[in-house]
Amino acid sequence: MLTWHILSGIYLKNCTSSYNPVIFSANSNGNGKANLALVSPQEKEKGKGNLNSNTKHKHSFRASPQNGSIAVTGRFTVKMSIVKPLKKLASCVILDLDGTLINTDALLSDVLGGFLSKYGKQWDGREVHKTLGKTPLEAAAAIVEAYDLPCTTNEFISAINPLYSEKWCNIKAQPGANRLIKHFGGHGVSMALASNSPRVNIEGKISFHQGWKESFSVIIGGDEVASGKPSPDIYLEAAKKLNVEPSSCLVIEDSIPGVTAGKAAGMEVVAVPSIPKQSNLYTSADEVINSLLDLKPEKWGLPPFQDWVEGTLPIESWYIGGPVIKGLGRGSKVLGIPTANLSTEGYSTVLSEHPSGVYFGWAGLSTKGVFKMVMSIGWNPYFNNPEKTIEPWLLHDFAEDFYGEDLRLVIVGYIRPEANFSSIESLIAKIHEDGRTAEKALDLPIYSTYRDDPYLKSCVKDSSNL
């Protein structure tokens with residue numbers, strides 16, 4: 001690891017990079033500004049920098065590499081963006097499947113809802129936490145006991161498995177899953193898939209996701225080891241088949257048993273909790289993130305994503321709409337930011353498919369036109385909502401309210417995960433920052449073309465506002 005020394009006529013500042021960077025360019029534009037671009041050796045050929053310094057000076061500029069250092073003389077104001085120190089170097093990634101890469105919650109509710117109705121019972125998801133990360137036998141036993149079903153665990157499994165497997169084709173990938181697999185595969189990072197499900201079930205599920213099976217060097221099911229998670233057996237076996245030391249593996253898991261298994265195997269573990277508002281329970285994980293969209297591979301010495309644009313992440317567009325309803329009155333009265341709230345009724349599937357966070361896109365109002373918008377989806381931790389909400393903020397000053405008007409949204413990008421704040425002032429400041437980010441990004445061609453989406457056009461009555 002090298003240390004870069006930034007010198008001025010006044011002080012010496014040491015900045016440490018986690019990439020062992022080399023000097024790529026040090027150019028003055030002749031107008032009193034100089035740009036330093038520091039890059040990792042592996043990025044040198046691509047001409048991409050990991051660290052950037054914008055340096056303003058009053059006099060001459062000189063920069064040269066000296067034994068791993070850059071000496072800059074003159075009077076400077078230096079601003080540097082430094083990647084946080086690595087937690088631990090990883091050479092491969094081991095992923096869980098259900099809940100981590102694929103969204104099985106909706107399918108589980110659908111299948112169990114139909115099955116339990118035969119016994120006059122209703123699936124309400126209250127025991128879902130007892131099934132997460134467990135073996136199929138353990139999960140089945142928990143459901144039979146919780147609902148006092150008149151059948152044995154094995155009978156339940158025999159009845160439910162055909163119903164479940166025939167709908168595997170409907171299981172959607174979690175947001176960010178395809179991006180993650182494609183990214184690591186494209187950079188030659190070895191990946192393994194390790195699930196408590198039987199091997200045949202794993203391969204059946206991933207067969208409906210193009211390119212997934214070929215991307216994994218190793219696939220291991222719970223029926224191929226002595227004990228399933230939370231035992232470390234499945235992760236130790238994955239490391240063995242990858243021919244790597246367990247300590248060099250990064251595990252990505254959604255369940256507490258999975259996290260426990262990864263840590264017991266001596267691996268670093270990133271948790272992506274699949275149960276809402278339960279992040280505080282994942283204390284043994286090395287990092288807890290809101291969704292796969294928030295994974296920062298560079299924290300673990302892995303190639304960073306390069307697809308963020310102006311502080312935003314392009315995503316596959318998705319659509320929601322309905323009449324504008326009165327919310328909890330916090331937007332205008334508490335925050336000074338009027339939101340156009342949508343009812344979540346009929347959107348339970350959408351809400352389960354998309355992680356909480358801040359998104360942006362275009363909004364169409366039937367009598368007013370199409371406008372830029374930024375939107376939160378989630379529980380708003382500062383207010384601790386009991387239910388997940390959809391709260392768009394149309395980036396336009398309206399002279400009057402428009403409750404009841406048809407509102408349609410095209411969501412095209414992601415800004416950040418949902419977060420809590422220490423004060424109402426910091427929350428308001430962050431919302432305005434999100435608005436500025438969305439406002440600027442939506443002028444980019446990658447996002448601006450969605451302004452003319454047919455979903456919006458069909459909503460707006462006055463085409464002159466388009």
| Excluding sequence neighbours, so at least two apart, what forms salt bridge (charged side-chain N to carboxylate O under 4.0 Å, His left out) with R199? | E203, E224
| Can you check whether L112 reaches I143 side chain to side chain, under 4.5 Å on heavy atoms? | yes
| side-chain hydrogen bond (donor to acceptor under 3.5 Å, both in side chains) assessment of D453 paired with Y319 | CA-CA 10 Å; D453 193 285; Y319 305 77; 2.8 Å; yes
| message | I'd like to know if the side chain of T312 pairs up with that of Y447 as donor and acceptor (distance under 3.5 Å, no hydrogens or angles considered). | response | yes
| query | Between S458 and R408, do the side chains contain an N or O donor and an N or O acceptor separated by less than 3.5 Å? | reply | yes
| message | Do the side chains of D443 and K372 get close enough for a salt bridge, i.e. N-O under 4.0 angstrom? | response | yes
| Between E287 and Y282, a side-chain donor and acceptor under 3.5 Å | no
| Side chains of E391 and T389: is there a donor and an acceptor less than 3.5 Å apart? | yes
| field | Under 3.5 Å side-chain donor-acceptor pair for D96 and T100 | value | yes
| Donor-acceptor side-chain pairing of N341 and Y403 below 3.5 angstrom | no
| query | Does one side chain, of S165 or N201, offer a donor that lies under 3.5 Å from an acceptor on the other? | reply | no
| field | Near-ring test H432/W393, centroid separation under 6.0 angstrom | value | yes
| Is a side-chain N or O of K263 found less than 3.5 angstrom from the main chain of M267, in a donor-acceptor match? | yes
| Does any pair with a residue in residues 412-425 pass salt bridge (charged side-chain N to carboxylate O under 4.0 Å, His left out), and if so which ones, sequence neighbours excluded? | R416-D434
| Is there a donor in the side chain of D406 and an acceptor in the side chain of S366, or the other way round, less than 3.5 Å apart? | no
| query | Is there a donor-acceptor pair closer than 3.5 Å between any side-chain N or O of S215 and the backbone N or O of G211? | reply | yes
| Cut-off 3.5 Å, side chains only: do T152 and N154 have a donor facing an acceptor? | no
| field | Backbone of K182 reached by a side-chain donor or acceptor of H187 within 3.5 Å | value | no
| field | Aromatic ring proximity Y414/Y359, centre distance under 6.0 Å | value | yes
| query | For E433 and K430, what are the C-alpha separation, side-chain angles and deciding distance, and is it a salt bridge (Lys or Arg N to Asp or Glu O under 4.0 Å)? | reply | CA-CA 5 Å; E433 181 183 325; K430 192 62 175 178; 3.2 Å; yes
| request: Could you tell me whether the side chain of N196 and the main chain of K229 form a donor-acceptor pair under 3.5 Å? | output: yes
